[in-house]
**Student:** 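Take a look at this one; I'll ask things after.
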Amino acid sequence: MDTPERPFSRRAFHYNAGFLTNKRVRRILTLAGYDLKLGKPTAEDDIIVWGHSPYAPRGEAVAEATGASLVRVEDAFLRSLFPGRSGEPPMGLVIDRQGMYFDAGRASDLETLFATHPLDDTALLNRARDVVARMISGELSKYCATDVSLPAPEKAGYVLLIDQTRGDASIELGQATPDSFAEALTWAREDHPDAQIIIKTHPETREGHRPGHFDPAKLPPNVVLDDRPVSLWRMFEGARAVYCVTSGAGFEAILAGHKPVVFGVPFYAGWGLTDDRRPVPARRQRTLTRAQLVAAALILYPTWYDPYRDRLCEVEDVLGALEAQVQAWHQDRFGYIAAGMRSWKKGHLRQFFGQHGKVDFEDHPVKAAQDGRSLLVWAGRETADLRDECRAADRVLYRVEDGFLRSRGLGAELIPPLSLVKDDAGIYYDPTRESTLEHAIAAAAKLPPPRLERAERLIATLRRAGVTKYNLAGAEAPSVPDGAQVILVPGQVEDDASIRLGAGDVNTNEELLRTARRLHPQAFLIYKPHPDVEAGLRPGLLPTRAHGLADLVADNTGAEALLNIADRVITMTSAMGFEALIRNIPVSTLGAPFYAGWGLTSDLGQVPERRVARPSLAALVHAALITYPRYLDPVTGLPCPVEVALDRLASGEGLAQKPSLRTLAKLQGWFAGQSWIWRR
């Protein structure tokens, strides 16, 4: 999505220290066109206040006295992992020049959007539907640090009542009182006398910041409090009805398909999507669809912020950021014991997997994992003994490998990766067993077309930017005879695990080239040595006797340059086959790489019979580049979505190798070269 542009720049005076100390809020307002000031405004200026906080009356009084415009600011509806009291900055703000969305006593910019905006653009509504789908599948809420290991209540058919914190401004301004919560409970029991009532506490109540409205010791029979950090989306699934007062969770209940029973006047009441037990303002006369409600509340109304690029953005960028950060929180918060990791990788692995839990490196990992932590092992160093030990000790074993958009440079040269994969089923390059990637590809094949639009945009960006796995500089594309069919044959590292496990009968670069020549005797064959082999770091050098099989050996030539002139790629298991598919180049596989067997390649080798799904290219890319890997932004150090990693790979920003690793890489290269000379 294009970065939103704000058409104005205005002086904005404030009288709350929070606007000075909260750097994120100040930055978002600055990017939105507000020049924050202290002092006395004129009638031409704005005064900014935080919602209806205790400090807001200061600004309100100055606005009344000077004629300046009053602007209210609050967190947007998707905020962060944790509540703001935990110190996390927001991902966006609502900046309202009429009122505030939770104040039912007057119109707000959001209410005006609901009432007057056409909300009939097909593209906008499709975006809204995709936003809902991503929120549900990613279990994204205003505060996202839920525990995905916690189930919803076992027996479905309960009634869910949403509690709020005492004194929250949205209660009084939403024309409700503390007694409204008792009234909601009374009506929930009256409407559903045979159902269990589950009261869901607010995250800030659970964390001890502010009390809620219910005393667990004074609850009627068949009514329980649930203060677990369980996902609301899971609770919505099993609920027969949802009751609330003014909570934002009522909005999310609508997104989940419910028609919540409402005992206040929140922003989402009065538009035909709620069962309103309070009179709603006469201003709210329109009936909206769920997509229209979402389009206004999550796409048009908020001002969203991209923490990676330090700019305003669209809600899809915020969803990507939250998806990455939530995934890291869900997976890593209990920590890991790691084994089989080279010393130079350990710091980077801690940064990747240790932001929410401790990562320790041990020689005897299963014994060390008695504290309950899962294990990480570099995939190529997994052993049958380790696998058996983990199974006997009931410990989850994750295999770790580089992702498919890795770096600008080689792993063998100690260039840290921007992406890693973590697989508890197998590993993507081993076709002898299932992998998490296989499961993701099969699932992606069932995604509706709107859910694949992100992958389509990613494909277009990859083609335009020319990004590949390693993004190495090299010679330009060679000249080829006019009218010739160009077959690109990527060489591989011959002792690589993907060759040992997935290459089949053709498992050397010489035999690969001979097979390509046999299949295309009249074509112009270009052989591309693997960069690690070219650098003298890994085995796989093409024997001199085989050079005549190729019309050209493209030493030190960039992969993208060769893909630009190729009519077909023939490979054993190379990732270049996947990169060719992304560019709509036909691919013939002689082995069983992760992208073979799904109907997108010409499979000349043995592929697993279990690969029966027929994904589109977009679905394959969604699984391989969006769902399966984890990405780490080298600039901010935060987990990030694939789009940010792609930007860094294209620009090179933040990718400079550490001096210590450069020195170590040179020494490693020298020793590898001496070893190669000795072996020859």
Side-chain angles (χ1 to χ4, degrees), residues 51-52 56 69-78 92-121 124-125 127-129 131-132 135 142 160-162 164 168-181 183-184 187-188 191 236 241-303 315:
H52 285 271
S69 299
L70 188 67
V71 180
R72 297 188 191 272
V73 176
E74 267 280 1
D75 291 330
F77 303 123
L78 292 167
L93 300 173
V94 296
I95 304 171
D96 202 308
R97 301 185 67 85
Q98 292 188 76
M100 181 43 62
Y101 69 88
F102 54 75
D103 181 2
R106 68 184 71 187
S108 66
D109 288 348
L110 178 57
E111 186 178 294
T112 300
L113 283 170
F114 287 152
T116 65
H117 194 287
L119 297 173
D120 60 357
D121 179 75
L124 175 67
L125 298 180
R127 286 178 62 195
R129 295 182 186 100
V131 166
V132 173
M135 289 178 65
K142 185 172 185 178
L160 186 62
L161 194 160
I162 308 296
Q164 294 174 246
D168 188 84
S170 74
I171 298 172
E172 180 180 354
L173 294 172
Q175 300 180 0
T177 70
D179 292 337
S180 300
F181 293 87
E183 183 183 2
W187 276 106
D191 294 342
F236 289 146
V242 177
Y243 284 65
C244 62
V245 179
T246 62
S247 171
F251 171 59
E252 294 172 356
I254 295 172
L255 273 55
H258 285 279
K259 186 173 185 176
V261 184
V262 182
F263 288 81
V265 187
F267 71 90
Y268 50 84
W271 309 106
L273 295 165
T274 50
D275 180 350
D276 300 317
R277 301 293 175 92
R278 288 281 185 276
V280 296
R283 304 183 303 270
R284 303 185 185 183
Q285 295 291 324
R286 188 178 183 186
T287 298
L288 298 174
T289 66
R290 181 175 66 163
Q292 289 175 318
L293 188 81
V294 172
L298 293 178
I299 297 176
L300 300 177
Y301 181 51
T303 299
V315 66

**Student:** Just so I know, are the side chains of Thr274 and Val280 near enough to count as touching, which here means a heavy-atom distance under 4.5 Å?
**Tutor:** no
**Student:** Main chain of Ala269, side chain of Asp276: is a donor-acceptor contact present, judged purely on distance under 3.5 Å?
**Tutor:** no
**Student:** Between atom CG of Leu255 and atom OH of Tyr268, what is the distance when rounded to the nearest 0.5 Å?
**Tutor:** 11.5 Å
**Student:** Listed by chain and number, what are the salt bridge (charged side-chain N to carboxylate O under 4.0 Å, His left out) partners of Asp75, not counting sequence neighbours?
**Tutor:** Arg79
**Student:** Can you list the residues that meet the side chain to side chain donor-acceptor pair (under 3.5 Å) rule with Ser170, with sequence neighbours excluded?
**Tutor:** Gln164, Asp168, Thr246
**Student:** Could you state the interatomic distance from CG (Leu110) to CG (Leu300), rounded to the nearest 0.5 Å?
**Tutor:** 9.5 Å
**Student:** Test Leu293 against every option in Leu113, Leu273, Leu119, Val132 by the side-chain contact (heavy atoms from CB on, under 4.5 Å) rule and name the one that passes.
**Tutor:** Leu273
**Student:** Go through Trp187 and Tyr243 one step at a time and tell me if the ring pair (Phe, Tyr, Trp, His ring centres under 6.0 Å) criterion holds.
**Tutor:** CA-CA 9 Å; Trp187 276 106; Tyr243 284 65; 9.0 Å; no
**Student:** Working to the nearest 0.5 Å, report the span between CZ of Phe181 and CD1 of Ile162.
**Tutor:** 10.5 Å
**Student:** Using 0.5 Å steps for rounding, measure from the CG atom of Asp121 to the CD1 atom of Ile299.
**Tutor:** 10.0 Å
**Student:** Angle class for the Tyr301/Tyr101 ring planes (parallel below 30°, perpendicular above 60°, tilted otherwise)?
**Tutor:** perpendicular
**Student:** With a 4.5 Å limit on heavy-atom distance, are the side chains of Ser108 and Asp103 in contact?
**Tutor:** no
**Student:** Not counting sequence neighbours, which residues clear side chain to side chain contact (heavy atoms under 4.5 Å, CB included) with Ala76? List them please.
**Tutor:** Val94, Pro302, Trp304
**Student:** For a quick test of your reading: what N or O donor-acceptor pairs under 3.5 Å do the side chains of residues 247-254 make, sequence neighbours left out?
**Tutor:**
residue	atom	partner	partner atom	Å
Ser247	OG	Ala249	N	2.9
Glu252	OE1	Ser141	OG	2.8
Glu252	OE2	Ser141	OG	2.7
Glu252	OE2	Lys142	N	3.3

**Student:** Set out, in order, the CA-CA distance, both residues' side-chain angles and the distance that settles side-chain contact (heavy atoms from CB on, under 4.5 Å) for Val294 and Met135, then state yes or no.
**Tutor:** CA-CA 11 Å; Val294 172; Met135 289 178 65; over 6 Å; no
**Student:** If the condition is side chain to side chain contact (heavy atoms under 4.5 Å, CB included), which residues does Ala256 pass it with, not counting sequence neighbours?
**Tutor:** Trp233, Phe236, His258
**Student:** Tell me the closest heavy-atom pair linking Gln292 and Pro118, and the distance in Å.
**Tutor:** NE2-O, 4.1 Å
**Student:** Determine whether a donor-acceptor pair (N or O, by modelled atom type, separation under 3.5 Å) exists between the side chain of Arg97 and the backbone of Val71.
**Tutor:** no
**Student:** Quick one: list whatever passes side chain to side chain donor-acceptor pair (under 3.5 Å) with Asp275, sequence neighbours left out.
**Tutor:** Arg277
**Student:** So which atom in Gly264 and which in Ala176 form the shortest heavy-atom distance, rounded to 0.1 Å?
**Tutor:** CA-CB, 4.1 Å
**Student:** Output every pair passing side-chain hydrogen bond (donor to acceptor under 3.5 Å, both in side chains) with a member in residues 109-119, not counting sequence neighbours, ordered by first then second residue.
**Tutor:** Gln98-Asp109, Gln98-Thr112, Glu111-Arg283, Glu111-Arg284
**Student:** Of all residues at least two apart in sequence or in a different chain, which pass the salt bridge (charged side-chain N to carboxylate O under 4.0 Å, His left out) check with Arg278?
**Tutor:** Glu183
**Student:** Taking C-beta and beyond as the side chain, do Phe102 and Glu74 meet within less than 4.5 Å on heavy atoms?
**Tutor:** yes
**Student:** Please report the closest heavy-atom contact between Ala295 and Ala128, naming both atoms and the distance.
**Tutor:** N-CB, 3.8 Å
